[in-house]
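Throughout, a chain's letter reflects where its sequence line sits, starting with A, and its residues are numbered from 1.
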Amino acid sequence: MSQAVDAANDATSQDPTVGLRAVAALRKLVERLESLQVDNARALGWSWEQIGEALGVSKQAAHKKHGRR
Amino acid sequence: MFERFTRQAREVLIRAQVEARELRHDHIGAEHLFLGVLSQRDAPGVAALTRLGITPDGFRSQTQDTLGSPQVLGPTDADALRALGIDLNEVRRRVEASFGPGALDKPLRIRRGWLPWRRRCVEPVGHIPFTPRAKQVLEVALREAIHRKDRHIGVQHILLALFRVKGSVALEVLTRLGAEPEAVRQEVLRDLDQAA
């Protein structure tokens, strides 16, 4: 079907198209999961400080990224 | 090179950029060029596409499904993740078990960020670069024009070039729409040869 699948079958592939696409998709997935988890934590009453600590960032960074949504 | 483009061919490039921006893509690829071609309904060869049921709306929505948006994980993302050994369907299943149906796929609420990099996540502004493959399409369009002994590069040459450059998202979208690229190309060629 798509190139990515073909390349996945070839474990030795070093094609940047495939590698970079995978990184981009992974980043998208991470953003999605982060958004879900942060919303859930807020709904459960977690503070920005607790969320930041769990994510490994400052409470300001966590709030700046997710607080405005 | 662009001075040899016809007015309509230039419109294709402008439209491609508009499509990329509206779809919030960070690149102008062959798929956006194809949408640009479809916007020039009365250009040579485009009627063949319409006859085969390939419409701007249909092509655009299939492009969105294929590529996903910057925020939505599409089949292309699933393929890419599989290359890393991640099964997106399994991830989706587990996320939905915790957060409900569609949790991984519903649109994120718009982030009204004020930081430049944050704003860029919402809508690409300014210059959107052509992908190497899209550039290749334009080079091949020039060759198509020479091959057909035309003095200018028209919409039909861009269209023919889109079929020549293999492995593009545009051709994948066509296939997903149920239109076999080579069959479509033949139909386009038939029209062009009749008009000539």
Side-chain angles (χ1 to χ4, degrees), chain A, chain B residues 24-27 29 66-92 94-100 102-115 117-119 121-122 131-133 166-169 171-173 175-176:
Chain A
M1 191 183 65
S2 77
Q3 296 172 291
V5 172
D6 296 340
N9 293 335
D10 176 9
T12 61
S13 168
Q14 291 192 327
D15 182 355
T17 314
V18 177
L20 293 172
R21 246 187 202 184
V23 170
L26 199 52
R27 185 174 291 137
K28 212 185 276 188
L29 182 58
V30 167
E31 289 292 333
R32 280 264 152 194
L33 295 176
E34 184 176 317
S35 161
L36 280 171
Q37 292 295 346
V38 170
D39 284 356
N40 186 47
R42 289 296 292 171
L44 293 174
W46 280 43
S47 69
W48 287 113
E49 186 158 14
Q50 287 173 301
I51 292 170
E53 193 183 321
L55 283 174
V57 299
S58 69
K59 68 174 179 188
Q60 288 88 353
H63 181 256
K64 194 182 277 178
K65 182 164 181 182
H66 296 283
R68 287 166 174 268
R69 278 189 288 117
Chain B
R24 298 179 177 183
H25 292 157
D26 57 1
H27 63 275
T66 302
L67 282 185
S69 73
Q71 297 177 338
V72 180
L73 291 146
T76 316
D77 292 312
D79 291 343
L81 289 169
R82 198 171 303 131
L84 294 175
I86 296 169
D87 179 353
L88 185 58
N89 282 331
E90 182 59 20
V91 175
R92 182 173 282 122
R94 293 187 189 201
V95 167
E96 290 187 350
S98 300
F99 298 106
L104 199 61
D105 302 291
K106 60 184 164 208
L108 291 177
R109 274 164 289 164
I110 298 286
R111 295 167 179 173
R112 292 180 301 275
W114 48 270
L115 292 171
W117 62 270
R118 175 58 63 206
R119 208 176 302 146
C121 289
V122 174
T131 61
R133 203 173 254 125
K166 301 298 174 198
S168 69
V169 173
L171 295 187
E172 190 176 332
V173 167
T175 309
R176 282 173 186 267

Asker: Is B:E96 atom CD crowded by more than 12 heavy atoms from other residues, nucleotides or ligands, each under 6.0 Å away?
Answerer: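 Atom CD in B:E96 is packed in, count exceeds 12.
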Asker: Identify, with sequence neighbours excluded, every residue that meets salt bridge (charged side-chain N to carboxylate O under 4.0 Å, His left out) alongside B:R94.
Answerer: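 Only B:E90 meet the salt bridge (charged side-chain N to carboxylate O under 4.0 Å, His left out) criterion with B:R94.
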Asker: Is it the side chain or the backbone of A:L20 that comes within 4.5 Å of chain B heavy atoms, both, or neither?
Answerer: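 When you check distances to chain B, no heavy atom of A:L20 falls under 4.5 Å.
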Asker: B:D77 and salt bridge (charged side-chain N to carboxylate O under 4.0 Å, His left out): which single residue from A:K28, A:R32, A:R27 fits?
Answerer: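 When A:K28, A:R32, A:R27 are each tested with B:D77, the salt bridge (charged side-chain N to carboxylate O under 4.0 Å, His left out) holds only for A:K28.
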Asker: Can you give me the closest heavy-atom contact between A:A22 and B:L81, atom names plus distance?
Answerer: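 So the minimum-distance heavy-atom pair works out to O-CD2, 4.3 Å.
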Asker: Rounded to the nearest 0.5 Å, how far does CG of B:L73 lie from CD of A:E31?
Answerer: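 Interatomic distance, A:E31 CD to B:L73 CG, rounded to 0.5 Å: 11.0 Å.
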Asker: Around atom CD of A:E49, are there more than 12 heavy atoms from other residues, nucleotides or ligands closer than 6.0 Å?
Answerer: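 Result for CD/A:E49: open.
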Asker: Begin with the C-alpha distance, continue with both residues' side-chain angles, and end with the deciding distance and a verdict on side-chain contact (heavy atoms from CB on, under 4.5 Å) for B:L104 and A:L33.
Answerer: CA-CA 8 Å; B:L104 199 61; A:L33 295 176; 4.1 Å; yes
Asker: Using side-chain contact (heavy atoms from CB on, under 4.5 Å) as the criterion, list what pairs up with A:V57, not counting sequence neighbours.
Answerer: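 For A:V57 the side-chain contact (heavy atoms from CB on, under 4.5 Å) partners, ignoring immediate neighbours, are A:L55, A:A61, A:A62.
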